[in-house]
Amino acid sequence: MDSLTPSELEVAAAFHLPLALAASPTRLQVHHFRGAQPYWAVDVSDLKKSAIQIQSSHLNGDGPKEKIEVWGLTGWYLFQFMKALKIYE
C-alpha cells in the first residue's frame with residue numbers, strides 16, 4: 001500500500017452523485033463486471049468533465065468528448081446498494 005500513488009487527474013475528477021440521478025432510467029446502461037451478471041452502469045458524462053478533458057481543454061480548446069460512467073466495481077456496488085433499497089428491480 002505504501003507504493004500506491006493517487007492519480008491527481010482522477011482525484012480532481014471525483015464528485016458527488018445524487019442517488020436520484022443514479023436512479024434515472026435515461027442514465028442507465030447494462031454492463032457486465034468481469035463477465036458476470038449484468039448491472040446498471042450510470043452515465044454521468046453531462047454532469048462532470050473528467051480531469052483529462054479539463055486539462056486538454058486548457059491546451060486545445062474544447063478537448064475530447066468522452067463518455068464518463070460509474071462502472072466497474074464502483075458501479076457494481078452502487079447497483080447492489082440501489083437493489084437493496086428496492087430502487088433497481
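These values consider heavy atoms only, across backbone and side chains, with no hydrogens, waters or symmetry-generated copies. Everything quoted here is computed from the prediction, not taken from an experiment.
Counting all heavy atoms, side chain and backbone alike, Val30 lies closest to Pro38 at CG1-CB, 3.6 Å. The shortest non-hydrogen separation linking Asp43 to Ile68 is OD1-O, 3.2 Å. Taking both residues in full, the closest heavy atoms of Leu17 and Ala22 are given as CD2-CB, 4.0 Å, listed atom of the first, atom of the second, then distance.
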Report all side-chain donor-acceptor pairs from residues 77-85 shorter than 3.5 Å, counting only partners two or more places apart or in another chain.
none

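Judged as a salt bridge (Lys or Arg N to Asp or Glu O under 4.0 Å), not a single pair has a partner in residues 14-26 (not counting sequence neighbours). Every pair passing salt bridge (Lys or Arg N to Asp or Glu O under 4.0 Å) that includes a residue from residues 14-32 is listed here, sequence neighbours excluded: Arg27-Asp46.
The side-chain hydrogen bond (donor to acceptor under 3.5 Å, both in side chains) test applied to Gln29 returns Lys67, not counting sequence neighbours. Listed by chain and number, the residues in a side-chain hydrogen bond (donor to acceptor under 3.5 Å, both in side chains) with Thr26 are Ser24 (sequence neighbours excluded).
Here Leu73 contributes atom CG and Tyr39 contributes atom OH; the two are 8.5 Å apart, rounded to the nearest 0.5 Å. To the nearest 0.5 Å, atoms CD (Gln37) and CH2 (Trp76) are separated by 9.0 Å.
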